[in-house]
Amino acid sequence: MRNIKIYNLRIVPSAPVFNEVVQFKELFINRFGKHPLSKSKPHITVAVFEMDTEYQDILVKAFSQLSNNNKFKLAIQGFGIFENNAHVLLLKIPTTEAIKNLHTDIKVVWQRDLHRKLGTLKLSAPPHITISKTDGKKTLYESLAFFQKIGFASKEIEVNQLTLVSRPKGKTWDWEHHIPCLLYTSDAADDSLRV
């Protein structure tokens, strides 16, 4: 019997940024009530896909190649929104060469090593940290105005590992695996080693 799970490859910010985002989420709930993702753990989604858990060991082995990437830094530059159908309040993160290279490496592993079609892999762009989804544009704009008054001083996080999590459809995340990045940084434009 097939056991299909949703997988999420993500960057989890370390403290104090992690704790600060948790406080923003709590502040959102206190002011606007609980909404989808308002209680989710702070993270930057890199990729999302579905896979049968029968292949999880193969997946972990293939994705372990991503540890060839150098650790890198990402800037967080204040509050923003996704308007379209998502209605998401978020923290903005510029797309860097390191993120582009990571996306390229994931696509290579996905096709070359896991023999999967690119259409079954969703890369998350632009990078961001979700504070909460909202139930419509009114709450979205009110929450954006509220948090912009509070303000957010630009911060930098160091990415020294990737986290792979999974969950059954409609359930909470129940498994995780960490992929460490190499322990040195590169100032070169090409921040990652090709897998």
Side-chain angles (χ1 to χ4, degrees), residues 1-30 32-69 71 74 76 82 85-91 93 99 102-103 105-135 157-181 195:
M1 186 173 145
R2 290 167 56 101
N3 182 18
I4 305 296
K5 292 180 83 173
I6 298 167
Y7 288 84
N8 184 303
L9 183 66
R10 58 179 53 173
I11 295 164
V12 178
S14 56
V17 171
F18 184 94
N19 300 331
E20 194 167 354
V21 177
V22 168
Q23 289 175 344
F24 288 147
K25 286 172 166 285
E26 289 170 355
L27 198 54
F28 179 94
I29 291 168
N30 290 340
F32 302 100
K34 284 185 186 175
H35 287 253
L37 303 180
S38 59
K39 291 189 70 73
S40 65
K41 290 183 181 176
H43 67 275
I44 302 158
T45 298
V46 180
V48 179
F49 55 91
E50 293 183 7
M51 186 174 275
D52 193 319
T53 56
E54 178 184 348
Y55 305 109
Q56 190 165 280
D57 290 343
I58 296 166
L59 173 68
V60 166
K61 186 176 179 185
F63 272 25
S64 69
Q65 295 174 79
L66 298 175
S67 66
N68 290 336
N69 286 305
K71 65 181 182 176
L74 289 176
I76 305 172
F82 288 154
N85 296 330
H87 304 305
V88 175
L89 175 69
L90 53 84
L91 286 166
I93 299 170
I99 286 285
L102 179 57
H103 281 171
D105 291 347
I106 292 166
K107 287 191 278 190
V108 168
V109 170
W110 193 248
Q111 291 180 290
R112 183 191 67 196
D113 302 317
L114 295 170
H115 311 290
R116 304 285 303 268
K117 292 180 181 172
L118 269 183
T120 60
L121 175 71
K122 183 183 174 202
L123 296 173
S124 183
H128 62 279
I129 299 175
T130 297
I131 303 297
S132 182
K133 283 191 172 185
T134 67
D135 55 10
I157 59 169
E158 184 173 77
V159 180
N160 55 20
Q161 76 174 5
L162 303 171
T163 302
L164 183 63
V165 296
S166 72
R167 63 177 173 83
K169 286 183 182 178
K171 305 263 172 92
T172 56
W173 305 105
D174 61 4
W175 174 87
E176 75 178 35
H177 172 75
H178 300 284
I179 304 163
C181 299
V195 295

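Both backbone and side-chain heavy atoms feed into the values below; hydrogens, waters and symmetry mates do not. Residues take their numbers from the sequence shown, with the count starting at 1.
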Practice task
Anything under 30° is parallel, anything over 60° is perpendicular, the rest tilted; go ahead and classify His177 against Trp175.
Solution key: parallel
Practice task
Report the C-alpha separation of Ile11 and Leu162 in whole Å, then their side-chain angles, then the decisive distance to 0.1 Å, and conclude whether the side chain to side chain contact (heavy atoms under 4.5 Å, CB included) test is met.
Solution key: CA-CA 5 Å; Ile11 295 164; Leu162 303 171; 3.8 Å; yes
Handout entry: Flag side-chain contact, heavy atom, 4.5 Å: Val88 against Lys133
Key = yes
Practice task
Supply the atom-to-atom distance Asn8 CG to Phe49 CZ, rounded to the nearest 0.5 angstrom.
Solution key: 8.5 Å
Practice task
Show your reasoning for whether side chain to side chain contact (heavy atoms under 4.5 Å, CB included) applies to Lys107 and Leu123.
Solution key: CA-CA 9 Å; Lys107 287 191 278 190; Leu123 296 173; 3.8 Å; yes
Practice task
Would you give the length of the straight line joining atom CG of Asp52 to atom CD1 of Ile58, rounded to the nearest 0.5 angstrom?
Solution key: 10.5 Å
Problem - For Pro13 against Pro42, the heavy-atom pair lying closest together - result: CD-O, 3.6 Å
Exercise for the section: Please confirm whether the backbone N or O of Leu66 pairs with a side-chain atom of Asn69, one donor and one acceptor, at under 3.5 Å? Expected result: yes
Problem - Under 3.5 Å donor-acceptor, Ser38 side chain and Ser132 backbone - result: no
Handout entry: Side-chain heavy atoms of Ser124 within contact of Val48, under 4.5 Å
Key = no
Problem - Spacing of CG belonging to Asn19 relative to OG belonging to Ser14, to within rounding of 0.5 Å - result: 9.5 Å
Handout entry: side chain to side chain donor-acceptor pair (under 3.5 Å) evaluation trace for Thr130 with Lys25
Key = CA-CA 9 Å; Thr130 297; Lys25 286 172 166 285; over 6 Å; no
Determine all donor-acceptor pairs shorter than 3.5 Å in which one atom belongs to a side chain in residues 164-174; sequence neighbours excluded.
{"residue": "Ser166", "atom": "OG", "partner": "Lys5", "partner atom": "NZ", "Å": "3.2"}
{"residue": "Asp174", "atom": "OD1", "partner": "Lys5", "partner atom": "NZ", "Å": "2.8"}

Practice task
Answer whether the closest heavy-atom distance between the side chains of Ile44 and Ile99 falls below 4.5 Å.
Solution key: no
Fill in the blank from the handout: Taking every heavy atom of Asn160 against every heavy atom of Lys71, the minimum-distance pair comes out as CA-CB, 3.9 Å
Fill in the blank from the handout: So NZ of Lys41 and CD of Glu176: to nearest 0.5 Å the spacing works out to 6.5 Å
Problem - Spacing of OG1 belonging to Thr134 relative to CZ belonging to Phe32, to within rounding of 0.5 Å - result: 9.5 Å
Handout entry: Test item: Asp113 and Phe63 side chains (from C-beta on) under 4.5 Å apart, heavy atoms
Key = no
Practice task
Output yes when a side-chain donor or acceptor of Trp110 lies under 3.5 Å from a complementary backbone atom of Lys117, and no otherwise.
Solution key: yes
Practice task
Establish, yes or no, whether a centroid distance under 6.0 Å links the rings of His128 and Phe82.
Solution key: yes
Exercise for the section: Please round to the nearest 0.5 Å and tell me the distance separating atom CG of Leu102 and atom CG of Leu9. Expected result: 6.5 Å
Practice task
Answer whether the closest heavy-atom distance between the side chains of Leu90 and Ile129 falls below 4.5 Å.
Solution key: no
Practice task
List the steps, then state whether side chain to side chain contact (heavy atoms under 4.5 Å, CB included) holds for His35 with Asp135.
Solution key: CA-CA 7 Å; His35 287 253; Asp135 55 10; 3.5 Å; yes
Practice task
Among Leu118, Ile106, Leu121, find the one that has a side chain to side chain contact (heavy atoms under 4.5 Å, CB included) with Gln111.
Solution key: Leu118
Exercise for the section: Kindly indicate, with the supporting measurements, whether the criterion side chain to side chain contact (heavy atoms under 4.5 Å, CB included) is fulfilled by Ile29 and Lys39. Expected result: CA-CA 8 Å; Ile29 291 168; Lys39 291 189 70 73; 3.5 Å; yes
